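This one's a predicted model, so the numbers in the text were calculated from it and none came from an experiment. Just so you know, these numbers use all the heavy atoms, side chains as well, and skip hydrogens, waters and symmetry mates.
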Amino acid sequence: LATLAQGINLIYGFTGYLPFGYVGFFGAGAYGFSLLVMHAKAPPVLALGGGAAAAVVLALLLSPLLRLSGAYFAIASLAASLAVMHTVSNPRLEAITRGPYEISLSGVFNPTLAYACSLAILAASVALVVWLRHSRFGLALQAMRDDPISARMSGVDVVRARVVAWMLSAAVAGLIGGTFAWYISVFYAETVFSGQFTTFAIVFALFGGTATATGPLLGVGLLYGVYNLIGISTPQYFQLIYGALIVALLLFLPNGLASLLRRRGIHVP
């Protein structure tokens, strides 16, 4: 979830595009990984690259969606992720994707190594955000996000920059989707294409603060901690308290927890 939040951070924090269907890349990564393991007998660590490649290819196919903006883009990306889920779960593809039936990767089940890989991917995603904050490309993305017309007049290739950011974000989701499939080893299409992943990732990123490396981590640490504390012990109050926290953020801290830390003179990378 922390890595997915960083993936949302890459596309929304630096370009302003909020994909409600971000889980499509996560699911593509899970299936790309699984197909290589099942049919090509690829080692899991190498198959993770296949998961990332599947997500990047999907991002390229969906790159025309970047011509849209605002709610139109968000809803179109959601529709695209649903289309991908229904495609891979089609009974006619049972021989390839297992269709509506479960995928079992019990032969490579190794949660310890999968968890270690997920930590490495999280570290890489944080490093990528740190680089984007200070690189010329990242600064161009932020300029484009704030004023695309002025950025274009300054020499920024707006279309190309958006597509590259879109692909980077997809690659992050694809990698962590592959590790998730490896970690649980048995799943259905509805598991890895669940909209709950996108919801959590967006909320965590916005709560902590986008366009920063530590903001999404702050959001995950606080909100997921609250989720585990309240959602398990007093589930009847969870939605009320969780919703109140989110509403309070939008009202009083629209730029996330990172903005509060900056006001207090704390550097937020």
Side-chain angles (χ1 to χ4, degrees), residues 3-32 51-88 124-125 128-129 131-133 135-177 192-193 195 197-206 209-213 215-216 255-256:
T3 306
L4 281 178
Q6 289 291 3
I8 288 289
N9 190 21
L10 285 171
I11 185 64
Y12 177 69
F14 288 91
T15 71
Y17 279 75
L18 185 61
F20 284 177
Y22 190 62
V23 72
F25 300 136
F26 182 80
Y31 268 85
V56 170
V57 169
L58 179 61
L60 280 174
L61 292 175
L62 298 180
S63 59
L65 296 182
L66 295 172
R67 298 176 182 176
L68 305 173
S69 61
Y72 298 102
F73 169 79
I75 295 172
S77 69
L78 176 60
S81 71
L82 292 174
V84 174
M85 182 188 73
H86 288 295
T87 298
V88 299
S125 68
L128 178 59
V129 173
W131 175 75
L132 279 178
R133 287 201 67 195
S135 68
R136 291 187 63 182
F137 176 66
L139 293 174
L141 287 177
Q142 295 174 67
M144 179 187 71
R145 175 199 62 200
D146 296 334
D147 192 339
I149 296 177
S150 296
R152 185 179 292 110
M153 293 177 64
S154 299
V156 176
D157 189 337
V158 173
V159 175
R160 177 179 173 274
R162 282 175 181 164
V163 172
V164 171
W166 182 234
M167 292 169 60
L168 287 174
S169 179
V172 169
L175 282 171
I176 205 64
V192 294
F193 285 97
F197 286 113
T198 298
T199 301
F200 273 123
I202 291 175
V203 170
F204 291 159
L206 294 181
T210 56
T212 67
N255 295 319

Asks: For Thr199 and Gly195, indicate whether the former's side chain and the latter's backbone hold a donor-acceptor pair under 3.5 Å.
Replies: yes

Asks: Measure across Ala54 and Gly32 and return the closest heavy-atom pair with its distance rounded to 0.1 Å.
Replies: CB-CA, 4.1 Å

Asks: Determine yes or no for a side-chain-to-main-chain donor-acceptor pair under 3.5 angstrom, with Trp166 supplying the side chain and Ala59 the backbone.
Replies: yes

Asks: Taking all non-hydrogen atoms of both residues into account, name the closest pair between Ala161 and Leu141 and its distance.
Replies: O-CD2, 3.6 Å

Asks: Can you check whether Asp147's main-chain N or O pairs, donor with acceptor, with Ser150's side chain at less than 3.5 Å?
Replies: no

Asks: Without swapping roles, check the side chain of Arg145 against the backbone of Gly13 for a donor-acceptor pair under 3.5 Å.
Replies: yes

Asks: Between the main-chain N or O of Ala213 and the side-chain N or O of Gln6, is there a donor-acceptor pair closer than 3.5 Å?
Replies: yes

Asks: Can Tyr12 and Ile202 be said to form a side-chain contact (heavy atoms from CB on, under 4.5 Å), step by step?
Replies: CA-CA 9 Å; Tyr12 177 69; Ile202 291 175; over 6 Å; no

Asks: Quick one, Phe14 and Arg133 - any side-chain contact, counting heavy atoms below 4.5 Å?
Replies: yes

Asks: To the closest 0.5 Å, what do you measure between CG (Leu10) and CG (Leu128)?
Replies: 5.0 Å

Asks: Determine, stepwise, if the pair Phe193 / Val84 fulfils side-chain contact (heavy atoms from CB on, under 4.5 Å).
Replies: CA-CA 9 Å; Phe193 285 97; Val84 174; 3.7 Å; yes

Asks: Tell me the closest heavy-atom pair linking Ala52 and Ala171, and the distance in Å.
Replies: CB-O, 4.1 Å

Asks: Does any N or O in the side chain of Asn9 come within less than 3.5 Å of the main-chain N or O of Ala205, such that one atom is a donor and the other an acceptor?
Replies: no

Asks: In Å, rounded to the nearest 0.5 Å, how long is the span from CG of Leu68 to OG of Ser77?
Replies: 9.5 Å

Asks: Give, for atom OG1 of Thr3 and atom CG of Leu175, the distance between the pair rounded to the nearest 0.5 Å.
Replies: 9.5 Å

Asks: Measuring from atom CG of Leu18 to atom OG1 of Thr210, what distance do you get when rounded to the nearest 0.5 angstrom?
Replies: 9.5 Å

Asks: Rounded at 0.5 Å granularity, tell me how far CZ in Phe137 sits from CZ in Arg160.
Replies: 7.0 Å

Asks: How about Arg162 and Pro148: do any of their side-chain heavy atoms sit closer than 4.5 Å?
Replies: yes

Asks: In Å and rounded to the nearest 0.5 Å, what is the CG to CE distance from Leu60 to Met167?
Replies: 4.5 Å

Asks: To check you understand the geometry: which heavy-atom pair defines the closest contact between Pro64 and Leu61, and what is its length?
Replies: CD-O, 3.4 Å

Asks: Taking all non-hydrogen atoms of both residues, which atom of Tyr22 and which atom of Thr198 are closest, and how far apart?
Replies: N-OG1, 3.7 Å

Asks: Would you indicate whether the side-chain heavy atoms of Ser135 and Trp131 approach each other to under 4.5 Å?
Replies: yes

Asks: Counting N and O atoms only, with roles assigned by atom type, does the side chain of Ser81 sit under 3.5 Å from a partner on the main chain of Val23, one being a donor and the other an acceptor?
Replies: no

Asks: State, yes or no, whether a side-chain contact exists between Leu62 and Leu58 at a heavy-atom distance under 4.5 Å.
Replies: yes

Asks: Would you say Thr212 and Val129 make side-chain contact, with heavy atoms under 4.5 Å?
Replies: no

Asks: Would you check, one step at a time, whether the test side-chain contact (heavy atoms from CB on, under 4.5 Å) holds for Val159 with Asp157?
Replies: CA-CA 6 Å; Val159 175; Asp157 189 337; 4.1 Å; yes

Asks: Can you tell me if Tyr17 uses its side chain to pair, donor with acceptor, with the backbone of Leu66 under 3.5 Å?
Replies: yes

Asks: Taking all heavy atoms of Gly174 and all of Ala55, pick out the closest pair and write down the distance.
Replies: CA-CB, 3.6 Å

Asks: Counting N and O atoms only, with roles assigned by atom type, does the side chain of Ser169 sit under 3.5 Å from a partner on the main chain of Gly7, one being a donor and the other an acceptor?
Replies: yes

Asks: Do Phe204 and Pro216 have side-chain heavy atoms sitting under 4.5 Å apart?
Replies: no

Asks: A side-chain contact here means heavy atoms from C-beta on lying under 4.5 Å apart; do Phe25 and Val172 qualify?
Replies: no

Asks: Does any part of the side chain of Phe200, heavy atoms only, come nearer than 4.5 Å to the side chain of Leu4, both counted from C-beta?
Replies: no

